[in-house]
Q: 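Let me begin by handing over the structure; questions about it come next.
We number each residue from 1, following the sequence as shown. Counting convention: from 1, in listed order, for ligands and their atoms alike. Since the structure is predicted, the reported quantities are computational estimates derived from the model, not experimental observations.
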Amino acid sequence: MSKTVNWGIMATGKIARTFAKAVKFAEGANLYACASRSAEKAAEFGKLYGAEKSYGSYEELAADHNVDIVYVASPMSCHYENVKLCFEHGKNVLCEKSITMNTAQLEELIAEAREKNLFFMEAMWMKFLPSFLKAREWFSQGRIGQIKAIRADFSNPVEYDPNDRLFRADLGGGALLDLGVYPLTLTSSFLGCEPERILSEVNVSHGVDMNEAVILKYENCDLTSKTIKSDKQNTKSNTEMK
Ligand SMILES: NC(=O)c1ccc[n+]([C@@H]2O[C@H](COP(=O)([O-])OP(=O)(O)OC[C@H]3O[C@@H](n4cnc5c(N)ncnc54)[C@H](OP(=O)(O)O)[C@@H]3O)[C@@H](O)[C@H]2O)c1
């Protein structure tokens with residue numbers, strides 16, 4: 001019989017609640033613990049979603065020996081330090097998007113995960129959508145043919161709220177890191193190569209990017225199906241869970 005995986009949820013915001021509800025439906029997954037910066041919030045969250053343990057600090061969650069993997073659901077600007085904390089305690093991590101604020105942070109975390117043989121993955125749900133997987137399968141079988149262009153967008157009407165992480169630059173707010181990552185992930189998942197040129201037009205307001213248009217120019221990329229990589233190759237940050 002396969003082992004039950006004990007999940008710990010770090011942060012108790014909107015997406016953490018969605019995750020806590022969903023984890024019940026995942027085979028072999030047990031919502032074991034949750035943590036908040038406030039002990040009260042953690043206790044309320046733990047009670048609501050049936051976690052055995054609730055902690056009033058992220059450190060305590062990371063240090064719990066019974067936690068197999070931590071789901072990091074804090075705002076973007078906290079991910080780097082939250083993931084580092086988990087790695088210090090030898091914890092596997094599933095981290096919300098955008099996984100870090102920049103490439104340097106991500107490269108450092110990937111290197112640490114590899115060194116410690118820890119599982120580390122961005123919670124990019126789009127890569128698990130049946131329609132996405134089917135499109136990739138058809139592309140790899142040559143059923144779609146050669147890619148001439150990819151047009152992808154994602155937008156959401158959101159009312160301005162100065163306290164919302166979306167409008168707070170200090171928390172990694174703005175459209176690119178919140179939604180722009182989806183079309184960019186879609187593109188890189190299919191093409192698997194780096195663009196030679198990136199052109200962008202950004203509309204900034206309230207100190208964050210409200211929207212942007214990005215053109216990625218691929219000049220030396222073979223856009224036929226043979227270039228498609230497996231999910232394993234594409235998510236280089238994934239290492240086997242201990
Ligand atoms: N995959 C998806 O579909 C999806 C959807 C929405 C969001 N997300 C991602 O999930 C992450 C969280 O988004 P969210 O919408 O859940 O945000 P949120 O509702 O604002 O919750 C974020 C939580 O992070 C914790 N936190 C830690 N440090 C914080 C700080 N300095 N300021 C504010 N909160 C802090 C807080 O929990 P405690 O007070 O309990 O510590 C807070 O409740 C983001 O990376 C976002 O991109 C993913």
Q: Considering only protein heavy atoms, which is closest to atom 29 (C) of ligand 1, and at what distance to one decimal place?
A: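 Among all protein heavy atoms, the one nearest atom 29 (C) of ligand 1 is R37 NH1, 3.3 Å.
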Q: Spell out, yes or no, whether L216 and L177 are grouped together once hydrophobic residues are joined by side-chain heavy atoms under 4.5 Å, including indirect joins.
A: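 No, L216 and L177 fall in different hydrophobic clusters.
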Q: For the 3.5 Å polar cut-off, considering only N or O atoms, please tell me whether I15 and ligand 1 meet it.
A: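 Min N/O separation from ligand 1 is below 3.5 Å for I15.
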Q: Quick one: look up the protein heavy atom nearest atom 12 (C) of ligand 1 and list residue, atom name and how far away it is.
A: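 Going atom by atom, the protein heavy atom closest to atom 12 (C) of ligand 1 ends up being A73 O, 3.4 Å.
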Q: Under 6.0 Å between ring centres, would you say that holds for W125 and Y182?
A: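 Centroid distance W125-Y182: below 6.0 Å, so yes.
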Q: Using the salt bridge (Lys or Arg N to Asp or Glu O under 4.0 Å) criterion, which residues pair with E44? Sequence neighbours excluded.
A: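 Partners of E44 by the salt bridge (Lys or Arg N to Asp or Glu O under 4.0 Å) criterion, ordered by chain and then number, come out as R17.
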Q: Name the closest protein heavy atom to atom 8 (N) of ligand 1, giving the residue it belongs to and the distance to 0.1 Å.
A: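 The answer is E96 OE1, 3.7 Å.
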Q: For M76, counting its heavy atoms only, list the atoms of ligand 1 lying under 4.0 Å from any of them.
A: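 Those atoms are 44 (C), 45 (O), 47 (O).
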Q: Which bit of S77 is near ligand 1, meaning a heavy atom under 4.0 Å away: side chain, backbone, both or neither?
A: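 Near ligand 1, S77 shows nothing, with every heavy atom at 4.0 Å or more.
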Q: Quick check on contacts: which atoms of ligand 1 are under 4.0 angstrom from a heavy atom of K41?
A: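 Once the distances to K41 are compared, the set is 38 (P), 39 (O), 40 (O).
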Q: Taking NZ, NE, NH1 and NH2 as the nitrogens, is one of them in D178 or K97 under 4.0 Å from a carboxylate oxygen of the other?
A: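 Result for this pair is yes, salt bridge flagged.
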Q: Looking just at side-chain N and O atoms, do S74 and N82 make a donor-acceptor pair shorter than 3.5 Å?
A: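 Yes - a donor-acceptor pair under 3.5 Å links their side chains.
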Q: Below 4.0 angstrom from a heavy atom of A11, which ligand 1 atoms are there? Numbered from 1 as shown, please.
A: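 Per the distance check, 23 (C), 24 (O), 25 (C), 37 (O), 40 (O).
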Q: Is there a path of hydrophobic side-chain contacts, each under 4.5 Å between heavy atoms of I/L/V/M/F/W/Y residues, joining Y71 to F45?
A: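 Yes, one cluster joins them.
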Q: Considering the options M126, K127, M124, which one meets the side chain to side chain contact (heavy atoms under 4.5 Å, CB included) requirement together with L186?
A: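 For L186, the side chain to side chain contact (heavy atoms under 4.5 Å, CB included) test succeeds with only one of M126, K127, M124, which is M126.
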Q: If you count the atoms of ligand 1 from 1 in the order shown, which ones are under 4.0 Å from a heavy atom of D178?
A: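 Near D178, meaning under 4.0 Å from one of its heavy atoms, ligand 1 has 47 (O).
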Q: Starting from atom 11 (C) of ligand 1, find the nearest protein heavy-atom neighbour and note its residue, name and distance.
A: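 Ranked first by proximity to atom 11 (C) of ligand 1 is S74 O, 3.3 Å.
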Q: Going by the atom numbers of ligand 1, which of them fall below 4.0 Å from some non-hydrogen atom of H79?
A: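 This gives 45 (O) as the contact atoms.
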Q: Please work out which of G13, A35, G56, C95 has its closest non-hydrogen atom nearest to atom 43 (O) of ligand 1.
A: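 Result: the heavy atom closest to atom 43 (O) of ligand 1 is in G13.
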Q: Would you mind checking which non-hydrogen protein atom is closest to atom 2 (C) of ligand 1, with the distance to 0.1 Å?
A: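 Nearest protein contact, heavy atoms only, for atom 2 (C) of ligand 1 is W125 NE1, 3.5 Å.
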Q: Could you give all pairs that pass the ring pair (Phe, Tyr, Trp, His ring centres under 6.0 Å) test and reach residues 86-109, with sequence neighbours left out?
A: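 Sorted result for residues 86-109: F87-F120.
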Q: In terms of residue, atom name and distance, what is the protein heavy atom nearest to atom 7 (C) of ligand 1?
A: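 Of the protein heavy atoms, R165 NH2, 3.3 Å lies nearest.
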Q: In this structure, would M76 and V204 fall into the same cluster of hydrophobic residues linked by side-chain contacts under 4.5 Å?
A: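 They do not share one cluster, since no chain of ILVMFWY contacts under 4.5 Å joins M76 to V204.
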Q: Can you name the atoms of ligand 1, numbered from 1 with element, that are less than 4.0 Å from a heavy atom of Y182?
A: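 What qualifies from ligand 1 is 1 (N), 2 (C), 3 (O).
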Q: Purely on distance, is any nitrogen or oxygen of K14 under 3.5 Å from one on ligand 1?
A: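 Min N/O separation from ligand 1 is below 3.5 Å for K14.
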Q: Strictly below 4.0 Å, N to O, side chains only: are E108 and K84 in salt-bridge contact?
A: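 Salt bridge flag = yes for K84 with E108.
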Q: Please identify which of these residues, N6, L61, N92, meets the side chain to side chain contact (heavy atoms under 4.5 Å, CB included) condition with V67.
A: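 Of the listed options, the one satisfying the test is L61.
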Q: Any idea which protein heavy atom is nearest atom 37 (O) of ligand 1, and the distance to it?
A: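 The answer is T12 N, 3.3 Å.
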Q: Which of the listed options, Y58, F19, F45, holds the heavy atom that is closest to atom 41 (O) of ligand 1?
A: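 Closest candidate by heavy-atom distance is Y58.
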Q: Hey, is T18 touching ligand 1 through its side chain, its backbone, both or neither, going by heavy atoms under 4.0 Å?
A: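 Answer for T18: neither.
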Q: Indicate if W138 and L191 have the same hydrophobic cluster label, given that clusters are the connected sets of ILVMFWY residues with side-chain heavy-atom separations under 4.5 angstrom.
A: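 Both belong to a single hydrophobic cluster.
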Q: What protein heavy atom sits nearest atom 46 (C) of ligand 1, and how far off is it?
A: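 Answer for atom 46 (C) of ligand 1: K97 O, 3.4 Å.
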Q: So is S38 in contact with ligand 1, going by heavy-atom distances below 4.0 Å?
A: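 No; S38 lies far enough from ligand 1 that no heavy-atom distance drops under 4.0 Å.
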Q: Nearest 0.5 angstrom please: H206 NE2 to R168 CZ, how far?
A: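 The distance works out to 15.0 Å.
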